[in-house]
Chemist: 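One structure is given below, represented as structure tokens, and several questions about it will come after.
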Amino acid sequence: MLGRASDIMWLITINGVLTLFVLSLGNADFGALLPIGAHGIGSIVKGSFSSLNWFGDAVYIMFFIGEFEYKKKDGVKILLSFLIGAVMIIAFMIIFYCIFTSIAYRQRFALTEISKYTTVINNLGRFDYIGIILILFANLFSLSLPIYFSCKIINKLFSIKKVWIAPTIVVSIQAIIPLFFNQYIFAIQNFLLSYVGVFFFITANVIPVLTAFFVRKEALNANA
């Protein structure tokens with residue numbers, strides 16, 4: 001099911017992103033990037049630490065281990081898909097900053113706002129809405145993945161057989177936070193960005209690597 005959805009959604013995502021990129025390039029002042037590295041390696045490391053909660057998607061691959069038939073060059077295809085995604089993210093960040101420069105940090109919906117200064121919009125209307133709609137539609141699936149995998153983990157950990165219990169728990173938590181803690185959203189966000197990066201790094205990078213060794217050990221014991 002996820003594979004079939006991916007076969008369709010990657011085309012929608014690429015079209016949406018490229019549409020916004022094409023419309024936005026004319027408004028980007030790439031000179032705003034200079035001088036590169038002016039704030040030093042410390043600021044780069046700090047920025048990477050603050051964004052760790054957005055870049056742990058590679059751990060999703062673990063859920064597919066043993067669930068599909070591995071064929072020749074599949075590893076290359078997976079690596080290329082992540083590489084393309086990384087390049088698109090870097091390209092967006094460059095275009096985004098070159099458009100908004102000093103007020104970039106104030107933009108709450110960055111990807112869908114990079115095209116709002118496009119002059120062609122005045123002549124043809126909000127043509128960028130096509131790209132925005134495509135991206136938002138793809139986001140419905142990408143945002144559903146963490147919820148789906150969370151339910152799978154809960155069912156596995158607690159041996160839950162009824163399929164409705166885990167989704168009820170996960171979705172309820174998702175609903176409670178904005179409903180009852182709406183006035184603390186920015187405080188929660190700042191806490192996650194400032195202090196919880198280590199947790200995200202461990203869960204998305206360290207634990208998956210260690211798990212590979214544990215699985216290997218269990219396989220050897222089973223063969224023995």
Side-chain angles (χ1 to χ4, degrees), residues 6 9-61 77-121 126-146 185-186 188-205:
S6 298
M9 298 315 301
W10 80 271
L11 289 171
I12 295 176
T13 304
I14 290 292
N15 285 327
V17 171
L18 289 181
T19 299
L20 295 184
F21 278 9
V22 170
L23 292 174
S24 306
L25 284 174
N27 301 313
D29 177 17
F30 293 100
L33 294 175
L34 302 176
I36 297 176
H39 295 285
I41 189 65
S43 297
I44 297 175
V45 173
K46 183 179 178 181
S48 301
F49 177 83
S50 300
S51 61
L52 283 173
N53 59 321
W54 282 292
F55 295 100
D57 293 353
V59 75
Y60 293 162
I61 298 298
K77 295 177 182 179
I78 293 172
L79 289 175
L80 283 176
S81 66
F82 277 98
L83 178 61
I84 293 172
V87 171
M88 290 176 62
I89 291 172
I90 294 174
F92 157 71
M93 293 177 65
I94 291 174
I95 296 173
F96 170 70
Y97 184 78
C98 289
I99 291 175
F100 293 101
T101 60
S102 61
I103 62 171
Y105 70 96
R106 298 181 180 178
Q107 310 305 312
R108 299 296 299 172
F109 304 99
L111 185 57
T112 57
E113 291 186 354
I114 60 174
S115 61
K116 68 180 183 180
Y117 297 127
T118 305
T119 55
V120 71
I121 291 176
R126 292 306 301 266
F127 186 77
D128 61 323
Y129 278 171
I130 296 177
I132 292 173
I133 291 173
L134 291 175
I135 292 175
L136 293 180
F137 181 71
N139 277 343
L140 291 176
F141 293 83
S142 63
L143 294 175
S144 297
L145 280 180
I185 288 295
F186 289 104
I188 295 173
Q189 176 180 299
N190 291 332
F191 174 75
L192 292 175
L193 296 179
S194 303
Y195 303 104
V196 193
V198 174
F199 171 77
F200 291 119
F201 177 77
I202 292 174
T203 55
N205 297 276

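One-based numbering along the sequence shown.
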Chemist: Find the distance between NZ (Lys46) and OG (Ser50) and round it off to the nearest 0.5 Å.
Modeler: 6.5 Å
Chemist: Out of curiosity, Leu18 CG to Leu23 CG, how far, rounded to the nearest 0.5 Å?
Modeler: 11.0 Å
Chemist: Tell me if the CZ atom of Phe82 is crowded by more than 12 foreign heavy atoms within 6.0 Å.
Modeler: yes
Chemist: Say you draw a straight line from CD1 of Ile130 to CG of Leu20; how long is it, rounded to the nearest 0.5 Å?
Modeler: 10.5 Å
Chemist: Within the 4.5 Å heavy-atom criterion, are Thr13 and Phe137 side-chain neighbours or not?
Modeler: no
Chemist: Hey, are the side chains of Phe55 and Asn205 touching, using non-hydrogen atoms and a 4.5 Å cut-off?
Modeler: no
Chemist: How close do Leu52 and Gly197 get, heavy atom to heavy atom, and via which atoms?
Modeler: CD1-O, 3.3 Å
Chemist: Which heavy-atom pair separates Tyr97 from Ala32 by the least distance, and what is that distance?
Modeler: CE2-O, 3.6 Å
Chemist: Are more than 12 heavy atoms from other residues, nucleotides or ligands located less than 6.0 Å from atom OH of Tyr129?
Modeler: no
Chemist: List for me each residue that meets side-chain contact (heavy atoms from CB on, under 4.5 Å) alongside Asn53, sequence neighbours excluded, and say none if there are none.
Modeler: Leu193, Phe200
Chemist: Are Phe92 and Ile114 packed together at the side-chain level, in the sense that at least one heavy-atom pair is separated by less than 4.5 angstrom?
Modeler: yes
Chemist: Nearest 0.5 Å please: distance from the CD1 atom of Ile14 over to the CD1 atom of Ile135.
Modeler: 10.0 Å
Chemist: To the nearest 0.5 Å, tell me how far Cys98 SG sits from Leu25 CG.
Modeler: 10.0 Å
Chemist: Is the OH atom of Tyr195 crowded by more than 12 outside heavy atoms at less than 6.0 Å?
Modeler: no
Chemist: Out of curiosity, Leu192 CG to Phe199 CZ, how far, rounded to the nearest 0.5 Å?
Modeler: 10.0 Å
Chemist: Specify the closest pair of heavy atoms between Ala104 and Phe96, including all atoms of both residues, with the distance to one decimal.
Modeler: O-CZ, 3.3 Å
Chemist: Please determine which of Leu140, Ile133, Leu134, Asn139 meets the side chain to side chain contact (heavy atoms under 4.5 Å, CB included) test together with Leu136.
Modeler: Asn139
Chemist: Tell me whether Ser194 contacts the main-chain N or O of Phe191 through its side chain, where contact means a donor paired with an acceptor under 3.5 Å.
Modeler: no
